[in-house]
Amino acid sequence: MTEEESWFWLCTIKGIYRKKIKRLIECYKSPLNLYEMTDEQVKTIKILTEHEQNLLIKSKSINQIKENFQKLQEQNISFISNADMKYPKKLRNIPDAPCGLYIKGNIPSDTQPSVAIIGARNCSNYGKEIALEYARELSLNGVQIISGLARGIDSYGHKGVLEVNGKTFGVLGCGVNVYYPKENHYLYDSMAQQGGIISEYSINTQPHSLYFPERNRIISGLADIIVVIEAREKSGSLITTDLALEQGKDIFAVPGRITDPLSKGCNRLISQGAAIANSPQDIMDELGIKYEKNRKLIKKINNLLERKENMVYSCLDLQPKSLDEILGDVKLEYAEIMVALVDLEIKGFIKETSKNYYIKIKIENHK
């Protein structure tokens with residue numbers, strides 16, 4: 001049995017958990033040493049209960065271990081232990097670091113900056129557009145994006161990176177060969193090619209409510225900075241920020257309206273000392289990266305729009321703006337503004353969210 005296979009064996013024994021595995025390694029140095037012990041010797045391991053001793057003994061089928069390890073390779077899944085040189089350095093020294101990781105694709109580079117983009121599952125259109133924009137701009141400037149492949153902000157963060165052919169990594173609360181949520185299978189498949197899918201749970205492990213808070217420490221551990229985009233006052237995103245603070249990571253929050261329940265978590269983080277992410281540049285500055293905005297895209301949009309349309313388009317943002325506000329901000333006649341609004345909506349540059357309220361929508365679709 002190889003050292004790699006012995007780590008895989010020890011980490012997949014159901015009923016022996018991380019803390020016990022780490023104590024075993026402290027005492028016996030290598031899983032191989034444990035594997036080569038006789039049943040009588042295993043019975044003398046005092047840090048294990050009698051039940052755990054029996055689990056270890058019963059698991060020592062070399063044929064079954066090699067067969068299970070082969071199944072990983074057949075699915076293009078790799079396993080790395082925290083004793084492996086390939087194990088992410090950023091993750092190695094966090095409190096309660098995973099003993100091993102299952103990887104579909106790649107792991108984040110230790111030499112590139114990484115940012116975690118997290119937030120509400122039931123996000124608003126504003127949150128969606130912010131997640132897409134920040135992920136795209138950060139990725140275009142060489143930043144790896146980490147998230148949890150959940151619905152909402154996580155998904156849009158990953159999607160924004162994929163749109164610009166960047167690198168993004170999803171940390172799952174299930175096995176890496178399990179699609180969850182199922183509607184994200186297209187993201188999963190693209191990320192396995194253009195980044196990676198990561199989990200500490202064995203293949204075929206189904207999602208469980210306890211696993212998601214646990215995986216959050218890996219999301220924050222792999223990142224240099226955590227950016228929260230929309231979070232309720234009590235949410236999983238705030239669990240991640242608490243873990244990130246324990247790990248010594250910097251927290252950024254995107255501010256929102258004080259009346260919006262989805263902004264309460266972010267606004268509270270800011271009141272407690274989190275940095276404000278008013279734009280991707282704020283995050284770039286913290287990382288020490290010179291921010292280069294996507295000027296080609298801006299030029300392309302300006303070329304696509306007539307002058308009057310561009311004046312109206314430029315005054316809108318991702319928060320709904322009333323017609324009265326637009327009339328006050330744009331120096332055009334009422335009729336000209338109304339024609340421009342209709343034309344912009346037909347072209348797909350803006351959307352009327354409710355009667356006489358307008359927002360910009362994603363412009364990357366315009367080829």
Side-chain angles (χ1 to χ4, degrees), residues 115-139 145-164 166 168-173 180-188 190-191 207 209 212-213 215-216 219-220 223 225-242 244 251-270 274-280 282-283 316-321 350-354 357-365:
V115 168
I117 292 180
I118 60 173
R121 282 175 168 80
N122 297 315
C123 64
S124 69
N125 186 74
Y126 169 75
K128 166 190 168 182
E129 295 296 339
I130 289 291
L132 287 166
E133 179 191 351
Y134 279 40
R136 284 191 292 255
E137 294 296 337
L138 289 166
S139 183
I145 300 300
I146 318 291
S147 200
L149 245 176
R151 296 181 180 92
I153 296 298
D154 287 24
S155 296
Y156 292 121
H158 292 308
K159 189 171 185 289
V161 178
L162 295 174
E163 287 176 354
V164 295
T168 185
F169 302 85
V171 183
L172 304 186
Y180 184 81
K182 291 187 184 300
E183 64 263 29
N184 275 353
H185 67 88
Y186 72 97
L187 282 177
Y188 176 105
S190 297
M191 289 168 63
S209 58
F212 293 98
R215 66 88 191 265
N216 290 347
I219 294 174
S220 55
I225 287 174
I226 289 77
V227 179
V228 186
I229 302 172
E230 292 193 328
R232 294 184 182 276
E233 206 154 17
K234 294 180 180 179
S235 73
S237 298
L238 301 187
I239 295 172
T240 309
T241 59
D242 288 342
I251 310 295
F252 277 73
V254 175
R257 292 175 293 188
I258 59 173
T259 55
D260 189 345
L262 284 170
S263 295
K264 287 188 181 296
C266 290
N267 292 342
R268 181 160 69 83
L269 285 172
I270 292 167
I276 299 175
N278 282 319
S279 74
D282 295 327
I283 302 159
L316 296 174
D317 57 31
L318 300 176
Q319 290 281 19
K321 201 166 191 177
I350 70 170
K351 180 180 179 181
E352 187 176 14
T353 57
S354 58
Y357 279 82
Y358 299 87
I359 60 167
K360 283 182 178 179
I361 63 174
K362 185 161 65 85
I363 55 181
E364 276 65 18
N365 284 337

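In what follows, every heavy atom counts, from backbone to side chain, and hydrogens, waters and symmetry copies are set aside.
Across every non-hydrogen atom of Pro280 and Leu138, the tightest pair is O-CD2, 4.4 Å. Of all heavy-atom pairs spanning Ala120 and Leu262, the tightest one is CB-CD2, 3.6 Å. Across all their heavy atoms, Cys266 and Ala253 have their closest contact at O-CB, 3.7 Å. The heavy-atom pair separating Tyr126 from Pro255 by the smallest distance is OH-O, 3.4 Å. Taking each heavy atom of Gly157 and Ala135 in turn, the nearest pair found is O-CB, 3.1 Å. Considering all non-hydrogen atoms of both residues, Gly152 and Cys123 come closest at CA-SG, 3.9 Å.
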Using the rule given for side-chain contact (heavy atoms from CB on, under 4.5 Å), can you reason through Leu149 versus Asp154, listing the C-alpha separation, both sets of side-chain angles and the distance that settles it, and then say yes or no? CA-CA 5 Å; Leu149 245 176; Asp154 287 24; 5.9 Å; no
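Salt bridge Glu129/Lys360: absent, no basic N to carboxylate O contact under 4.0 Å.
Separating the NZ atom in Lys159 from the CE atom in Met191 is a distance of 13.5 Å, to the nearest 0.5 Å. With rounding to the nearest 0.5 angstrom, the CG atom of Asn267 is 9.0 Å from the CD1 atom of Ile276. Arg232 contributes atom CZ, which lies 11.5 Å from atom OG of Ser237 (distance to the nearest 0.5 angstrom). Expressed to the nearest 0.5 Å, how far CD1 of Ile229 lies from CD of Glu133 amounts to 9.0 Å. Note that OH of Tyr180 and CZ of Arg151 are 5.5 Å apart. Values are rounded to the nearest 0.5 Å. Rounded to the nearest 0.5 Å, atoms OH (Tyr358) and CG (Leu316) are 9.5 Å apart.
When atom types are taken as modelled, the side chain of Arg268 and the backbone of Glu233 share a donor-acceptor pair closer than 3.5 angstrom. Checked by atom type and distance alone, the side chain of Arg136 never pairs as donor or acceptor with a backbone atom of Val164 at under 3.5 Å. Panel note: side chain Tyr134, backbone Ser279; a donor-acceptor pair is recorded below 3.5 Å.
In summary, of the residues considered (Thr240, Thr241, Ile153, Val254), a side chain to side chain contact (heavy atoms under 4.5 Å, CB included) with Val228 occurs for Thr241 alone. Between His158 and the options Asn184, Ile117, Leu132, Thr168, a side chain to side chain contact (heavy atoms under 4.5 Å, CB included) holds for only Thr168.
Looking at heavy atoms from C-beta onward, Ile225 lies in side-chain contact with Phe252 at the 4.5 angstrom threshold. Looking only at side-chain heavy atoms (C-beta outward), Ile118 and Ser147 come within less than 4.5 Å of each other.
For Asn122, the CG atom counts as loosely surrounded, since its 6.0 Å shell holds 12 or fewer non-hydrogen atoms of other residues, nucleotides or ligands. Atom CZ of Phe212 has more than 12 heavy atoms from other residues, nucleotides or ligands within 6.0 Å.
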